Amino acid sequence: MTQHLADALPTPTGTQPGWWREAVIYQVYPRSFADSNGDGMGDLEGVRTRLPYLKELGVDAVWLSPFYASPQADAGYDVADYRAIDPMFGSLHDADAVIREAHALGLRIIVDLVPNHCSDQHEWFKQALREGPGTPLRERFHFRPGRGADGELPPNDWESIFGGPAWTRVADGSDGSGGSGGSGGEWYLHLFAPEQPDFNWEHPAVQDEFRSILRFWLDLGADGFRIDVAHGLVKAPGLPDLGRDEQLKLLGNQVLPFFDQDGVHEIYRSWRTVLEEYAGDRIGVAEAWTPSADRTALYLRPDELHQAFNFQYLNTGWDAEALRATIDESLDAMRPVGAPTTWVLSNHDVVRHVTRYGGGARGLARARAAALLMLALPGSAYVYQGEELGLPEVVDLPDGVRQDPAFSRSAGQDGLRDGCRVPIPWSGEVAPYGFGSGGSWLPQPVEWAGLSVAAQTGDPHSTLELYRAALRIRRERADLGAGDAVEWLAAPAGVLAFRRGEFVCTVNTGGEAVRVPAPGTVLLASGPLADPELLPADTAVWWQG
């Protein structure tokens with residue numbers, strides 16, 4: 001396997017340098033994308049065989065959720081070996097083949113990196129348990145003695161994102177041996193599941209190891225990294241108590257002692273240096289939950305990362321006034337640091353937006369309109385697998401098939417993330433709809449036969465063909481994608497209207513049709529448009545001004 005650089009790939013049309021400034025990036029959740037060997041689980045070979053579909057769809061890059069060696073306690077976000085592929089997904093040769101074929105098609109590959117925590121089966125952590133208190137390997141994690149007369153209480157009051165305390169006690173024996181889940185020993189920090197111990201990023205060995213991991217994947221040809229929990233690496237000195245319960249409700253509202261600490265920025269400055277050792281605009285994308293767009297922008301200063309997910313936008317409801325405020329706030333925050341704004345509607349952790357927007361025909365109409373709005377805004381857009389098919393959330397999965405680790409824990413996330421992770425339909429009238437020959441690891445709804453790629457291809461009214469058309473127009477027009485501003489136009493209540501060069505986008509978020517003067521010739525509409533001057537409810541229209 002040899003290094004192959006991304007600079008040979010075509011650069012998307014635009015006025016600013018950097019393919020990532022206006023790229024449309026498609027998220028693949030590998031276990032639910034395509035199964036090549038009939039075991040019911042998606043894999044890297046399945047991804048490779050479906051890359052031509054993504055090329056035809058019109059995206060610029062593919063973000064792959066984790067495929068590393070892992071016990072799968074949290075769907076691969078518990079990594080045991082960052083340089084190995086889990087056998088359920090294939091081998092390192094399969095990963096190399098995906099990168100090579102993507103590059104041959106003009107697509108870039110972004111791999112998911114999980115630096116906040118690893119698996120409790122990672123060799124460092126297993127050795128730390130064996131060696132016992134006071135030994136060097138324990139310093140690479142957050143091991144602490146407990147509070148109380150016999151150390152029976154956690155070191156502080158932090159709560160796990162998945163529910164319960166963020167600390168687990170180990171059984172340290174008098175001979176220095178250890179084991180998790182016991183009593184009588186030290187406690188270790190895990191902001192997520194107990195199987196996901198947090199790294200201590202104050203330790204130089206942790207910093208060195210991850211710079212090495214970056215180079216490993218960059219040498220293999222990866223074009224960038226999506227950085228999981230990018231806001232969580234550094235903890236406040238002394239690990240102070242937060243002083244309240246129900247800490248999950250505070251996420252995204254304020255700086256916490258375990259999230260969005262200023263020390264993370266020095267880490268990303270060192271990573272930017274590594275990325276710039278390689279040709280081809282290799283990038284870092286932060287999954288950073290912060291209290292504001294201004295805090296997010298700090299991750300994107302010129303010597304840090306390149307993009308960050310716009311969770312403020314994802315969490316904005318289907319309301320014209322709220323959307324305009326979020327769009328303005330997002331663009332204003334990114335402009336001083338020279339970073340592109342990103343736009344995202346769904347991902348592997350949230351309810352699919354067809355369902356969030358009300359479900360059924362109305363939810364789908366809103367989702368289609370939201371897609372045209374997102375793709376008309378300046379910056380980079382993310383598409384989660386299946387949203388181009390108009391897939392709704394699967395809300396009736398049996399408890400027995402769910403694998404979200406939060407599902408069985410109390411007071412944490414709702415544990416229902418499996419509903420957006422159901423394998424997508426490709427073809428056929430019965431499940432698994434072309435996903436693979438051996439069923440699917442989560443059951444697919446019977447009504448998905450009509451939502452498959454095959455069923456929608458060639459249907460001018462389908463959501464798939466709407467996405468294909470929108471992405472084609474976006475590629476063809478220099479006034480889409482690039483830039484950092486929109487020109488808002490006067491519009492009735494409930495309607496968004498903005499101009500970008502000779503392009504105009506109008507969106508009606510209300511429940512009734514609204515008369516709006518036609519600003520030009522219709523390029524594309526998210527729904528039927530009988531009268532160009534009567535904008536239907538929950539509809540977006542692109543115009544040649």
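Since we're looking at a predicted model, the values are computed, not measured.
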Answer yes or no: is there an ion pair linking Asp484 with Arg335, defined by an N-O contact shorter than 4.0 Å? yes

Quick one: do the Ser70 and Asp78 side chains pair a donor with an acceptor below 3.5 Å? yes

Under a 3.5 Å distance rule, please check whether Thr463 uses its side chain to pair with a backbone N or O of Leu389 as donor and acceptor. no

Test side-chain contact (heavy atoms from CB on, under 4.5 Å) applied to Tyr77 and Asp112, step by step: CA-CA 9 Å; Tyr77 283 93; Asp112 218 317; 2.8 Å; yes

Sub-3.5 Å donor-acceptor pair from the side chain of Thr273 to the main-chain atoms of Arg269, do we have one? yes

With a 3.5 Å distance limit and no angle check, can you tell me whether Asp35 reaches the backbone of Asp39 through a side-chain donor-acceptor pair? yes

Please tell me whether Tyr82 and Phe210 form a close aromatic pair, meaning their ring centres lie under 6.0 Å apart. yes

Parallel, tilted or perpendicular: which describes the rings of Tyr29 and His348, with under 30° parallel and over 60° perpendicular? parallel

Using modelled atom types and a 3.5 Å cut-off, is there a donor and acceptor pairing between side-chain atoms of Arg301 and backbone atoms of Val337? no

Looking at Arg421 and Asp349, is there a salt bridge between them, counting it only when a charged N and a carboxylate O are closer than 4.0 Å? yes

Looking only at side-chain N and O atoms, does Trp543 offer a donor or acceptor that is under 3.5 Å from a partner on Thr506? yes

Are Leu391 and Arg352 close enough that some pair of their side-chain heavy atoms sits under 4.5 Å apart? yes

Identify whether the distance between the nearest side-chain nitrogen and carboxylate oxygen of Glu209 and Arg83 falls below 4.0 Å. yes

Plane angle bin for Phe503 and Trp542 - parallel if under 30°, tilted between 30 and 60°, otherwise perpendicular: perpendicular

Flag, side chain of Thr316 to backbone of Leu323, donor-acceptor distance under 3.5 Å: no

What's the verdict on side chain to side chain donor-acceptor pair (under 3.5 Å) for Arg468 and Gln456, showing C-alpha distance, side-chain angles and the deciding distance? CA-CA 11 Å; Arg468 285 172 170 164; Gln456 296 197 45; over 6 Å; no

Check the orientation of Phe309 and Trp63. Use parallel for under 30°, tilted for 30 to 60°, and perpendicular for over 60°. tilted

Nearest-0.5 Å distance, OH of residue Tyr467 to CG of residue Leu375: 6.5 Å

No-hydrogen, no-angle side-chain donor-acceptor test under 3.5 Å, Asp223 and His103: yes

Is the closest side-chain donor-acceptor distance between Ser427 and Ser452 under 3.5 Å? no

Has the side chain of Arg226 got a donor or acceptor atom that lies under 3.5 Å from a matching backbone atom of Ala286? no

Main-chain N/O of Tyr313 paired to Asn310 side chain as donor or acceptor, under 3.5 Å: yes

Can you check whether Arg21's main-chain N or O pairs, donor with acceptor, with Ser380's side chain at less than 3.5 Å? no

Salt-bridge criterion met for Arg282 and Glu276 (N-O under 4.0 Å): no

To the closest 0.5 Å, what do you measure between OG (Ser440) and CG (Leu442)? 7.0 Å

side-chain contact (heavy atoms from CB on, under 4.5 Å) between Ile110 and Ile25: does it pass, once the steps are laid out? CA-CA 9 Å; Ile110 296 171; Ile25 300 172; 3.9 Å; yes

Under the criterion side-chain contact (heavy atoms from CB on, under 4.5 Å), I'd like the reasoning laid out for Val79 against His122: C-alpha separation, chi angles, the key distance, then a yes or no. CA-CA 7 Å; Val79 181; His122 191 286; 5.8 Å; no

Within the side chain of Asp94, is there an N or O that forms a donor-acceptor pair under 3.5 Å with the backbone of Ser91? yes

We want to know whether Gln307 and Tyr299 form a side-chain donor-acceptor pair, criterion being a heavy-atom distance below 3.5 angstrom. no

What I want to check is whether the side chains of Gln196 and Asp74 have a donor and an acceptor closer together than 3.5 Å. yes

With distance as the sole criterion, is a donor-acceptor pair present between the side chains of Asp538 and Tyr357 under 3.5 Å? no

Rounded to the nearest 0.5 Å, what separation is found between the OG1 atom of Thr341 and the CG atom of Leu331? 4.5 Å

Main chain of Ser346, side chain of Gln27: is a donor-acceptor contact present, judged purely on distance under 3.5 Å? no

Quick check, are the ring centers of Phe67 and Trp217 under 6.0 angstrom apart? yes

Is any side-chain N of the basic residue among Asp303 and Arg272 closer than 4.0 Å to the acidic one's carboxylate O? no

Considering only heavy atoms from C-beta outward, does the side chain of Ser526 approach that of Val541 to under 4.5 Å? no

Is there a donor-acceptor contact under 3.5 Å linking the side chains of Ser330 and Trp343? no

Run the side chain to side chain donor-acceptor pair (under 3.5 Å) check on Asp43 and Ser36 step by step: do they pass? CA-CA 7 Å; Asp43 47 46; Ser36 71; 2.9 Å; yes

Tyr382 and Val285, any side-chain heavy atoms less than 4.5 Å apart: yes

Heavy-atom side-chain proximity of Ile424 to Ser32 below 4.5 angstrom: no

Quick one, Leu305 and Ile227 - any side-chain contact, counting heavy atoms below 4.5 Å? yes

Would you check if Asp228 and Leu113 make a side-chain contact, meaning some heavy-atom pair closer than 4.5 Å? no

Nearest 0.5 Å, what's the CZ-CE distance between Phe33 and Met41? 16.0 Å

Quick one: sort the Phe192 and His117 rings into parallel, tilted or perpendicular, breaks at 30° and 60°. tilted

Taking the six-membered ring of Trp426 as reference, does the NZ or CZ atom of Arg50 fall below 6.0 Å from its centre and within a 45° cone about the axis? yes

Show, in sequence, the C-alpha distance, side-chain angles and deciding distance for Gln312 and Glu329, and conclude whether the side chain to side chain donor-acceptor pair (under 3.5 Å) test is met. CA-CA 9 Å; Gln312 283 83 10; Glu329 179 185 355; 5.9 Å; no

Would Tyr26 and Glu387 count as a side chain to side chain donor-acceptor pair (under 3.5 Å) if you check the C-alpha gap in whole Å, the side-chain angles of each, and the deciding distance to 0.1 Å? CA-CA 10 Å; Tyr26 186 98; Glu387 78 172 68; over 6 Å; no

For a side-chain contact (heavy atoms from CB on, under 4.5 Å) check, start with the C-alpha distance between Leu451 and Glu447, then their side-chain angles and the critical distance, and finish with the verdict. CA-CA 8 Å; Leu451 297 179; Glu447 59 268 22; 5.7 Å; no

